[in-house]
Structure formats: C-alpha cells, structure tokens
Amino acid sequence: MKKQSYSQTVPARNVMPISLTTMVQAAMVAAIYVVLTFIANALGLANYAVQVRFSEALTILPYFTPAAIPGLFIGCLLSNVLTGCALPDIIFGSLATLIGALGTYGLRKWKWCAPICPIIANTLIVPLILIYGYGLMIEGMTVLQCFGYYCLTVGAGEIISCGVLGMILLFSLQKYKGRIFEITK
C-alpha cells in the first residue's frame, strides 16, 4: 500500500497568502504608532482621563489599506505594554483600537466616517478601563457618573486625535495613496 502525503489527505483551504508588502505596511504602522505614543506619553497626553494620543490619528489608515488593521492593533498593544499600562488596559485598550480600525475599514466608502468607529470604541471602552482597570473613581460620584464623566473626557481626546488629527492625515495622504499604499484586496 502506497503512503499518502499530507497534501493529499488534507483538503486545500482557500487562504489568501499575506504579501510581503502587507506585512511591511503593518509593521511600519505599528512602529509609527509606538513612536507617536511615546511622544504623547512624554508630554503627558497618552494616559488617564484626557488622552490625546497622536498615534490614534493613524486609526484612519484602514481607509487606505487593510494592512493598517493588524499594525494598529500590534502598535497599540506594544505601546500599552512599553508605557507600563495595567493589564486590562493592555488587553481592552488594544481591542478598542482594533475595533475602531475594523470599523474604519468597514466604512471606507465614506471618507467622513473614517474616524467615527475609533472615537466610539475608545469613548465607550476606555472609561471602563479607567474605572475597573485603574480604580479611578471620583470621590462623591457613582460608577455611572464616573463613566459619564470619563466618556466626555476620553471622547474629547478621541475627537482631537481621530477626528481632527486623523482627518488632517487622511486628506494629506489622499493625493499620495497610490504611491504609499499598495492596492490590496
């Protein structure tokens, strides 16, 4: 009896190979995200109630390429680890950025919607991290009141980071998108 090879016994799956360009773009996005977070952190803008992470402007990049999605997630994860964030922040803060990036990619047909998902994801998730991950309760306020307050402060920072800086970045990159971003499917 003839022995079958592995490739003959396992049915082929429809898996799209990841191109080298896609991996390089994702790595570059992650690296830039980390550097920008360190700059914001050095200026005292990257953590706590009001967060204006310059790196969050990059959450509009999935508008141009899906390679930015893993890049943003990995960049946020690394940034949170390297800046000494609490474990809930490392996990759920990074997931908030991932959700925002997926939303940006999903809404890429509508340019003005690019920053909406990152703003919403971070505005709803980060206050919970502040309350339950860091125990940042404001004296005399209930959990719900603190959540509302942090939604306002984090939301304001996200509007600045994603809405204002992100859209400036989007319009700046718009005319060079064919040269910067490989057309990926």
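- From Asp89, atom CG reaches atom CD1 of Ile125 across 11.0 Å, with rounding to the nearest 0.5 Å.
- Rounding to the nearest 0.5 angstrom, the gap separating the CG atom in Leu173 from the CD1 atom in Ile60 is 6.0 Å.
- By the 4.5 Å heavy-atom criterion applied to side chains, Val29 and Ile74 are not counted as neighbours.
- In terms of hydrophobic clustering, with Ile, Leu, Val, Met, Phe, Trp and Tyr side chains grouped at heavy-atom distances under 4.5 Å, Ile168 and Leu36 are assigned to different clusters.
- No more than 12 heavy atoms of other residues, nucleotides or ligands lie within 6.0 Å of CE in Met28, so this atom counts as exposed by the packing criterion.
- In this structure, CG on Leu87 lies 4.0 Å from CD1 on Ile91, to the nearest 0.5 angstrom.
- Between Leu72 and Pro62, the closest side-chain pair of non-hydrogen atoms falls below 4.5 Å.
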Step-by-step side chain to side chain contact (heavy atoms under 4.5 Å, CB included) determination, Ile99 to Ile120: CA-CA 10 Å; Ile99 291 165; Ile120 292 172; over 6 Å; no
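- Side-chain contact between Leu152 and Thr123 is absent, with no heavy atoms from C-beta onward closer than 4.5 Å.
- Side-chain contact between Leu82 and Phe38 is present, with heavy atoms from C-beta onward closer than 4.5 Å.
- Within 6.0 Å of CZ in Phe92 there are 12 or fewer heavy atoms belonging to other residues, nucleotides or ligands.
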Evaluation steps, ring pair (Phe, Tyr, Trp, His ring centres under 6.0 Å), between Trp110 and Tyr105: CA-CA 10 Å; Trp110 301 281; Tyr105 183 74; over 10 Å; no
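- The shortest side-chain heavy-atom distance between Gln174 and Phe64 falls under the 4.5 Å cut-off.
- To the nearest 0.5 Å, atom CG of residue Asn80 and atom CG of residue Asn41 are 10.0 Å apart.
- Under the 4.5 Å side-chain heavy-atom criterion for grouping Ile, Leu, Val, Met, Phe, Trp and Tyr, Ile159 is not connected to Leu124 through any hydrophobic cluster.
- Side-chain contact check for Leu128 versus Tyr150: every heavy-atom pair is 4.5 Å or farther apart.
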Side chain to side chain contact (heavy atoms under 4.5 Å, CB included) between Leu169 and Leu58, worked out: CA-CA 8 Å; Leu169 181 61; Leu58 300 177; 3.8 Å; yes
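- Grouping the Ile, Leu, Val, Met, Phe, Trp and Tyr side chains by contacts below 4.5 angstrom, directly or via other members, places Leu165 with Tyr63.
- Cluster membership check: Leu77 does not share its hydrophobic cluster with Leu98, using side-chain heavy-atom separations under 4.5 Å among Ile, Leu, Val, Met, Phe, Trp and Tyr.
- Thr142 places a side-chain N or O within 3.5 Å of a backbone atom of Gln145 that can act as its donor or acceptor partner.
- Rounding to the nearest 0.5 angstrom, the gap separating the OG1 atom in Thr59 from the CG atom in Leu170 is 10.5 Å.
- Leu43 is listed as a side-chain neighbour of Phe54, based on a closest heavy-atom distance under 4.5 Å.
- Residue Arg53 holds its CZ atom at 13.0 Å from CD1 of Ile39, rounded to the nearest 0.5 Å.
- Heavy atoms of other residues, nucleotides or ligands lying less than 6.0 angstrom from OH of Tyr132 number 12 at most.
- By the 4.5 Å heavy-atom criterion applied to side chains, Cys117 and Leu107 are counted as neighbours.
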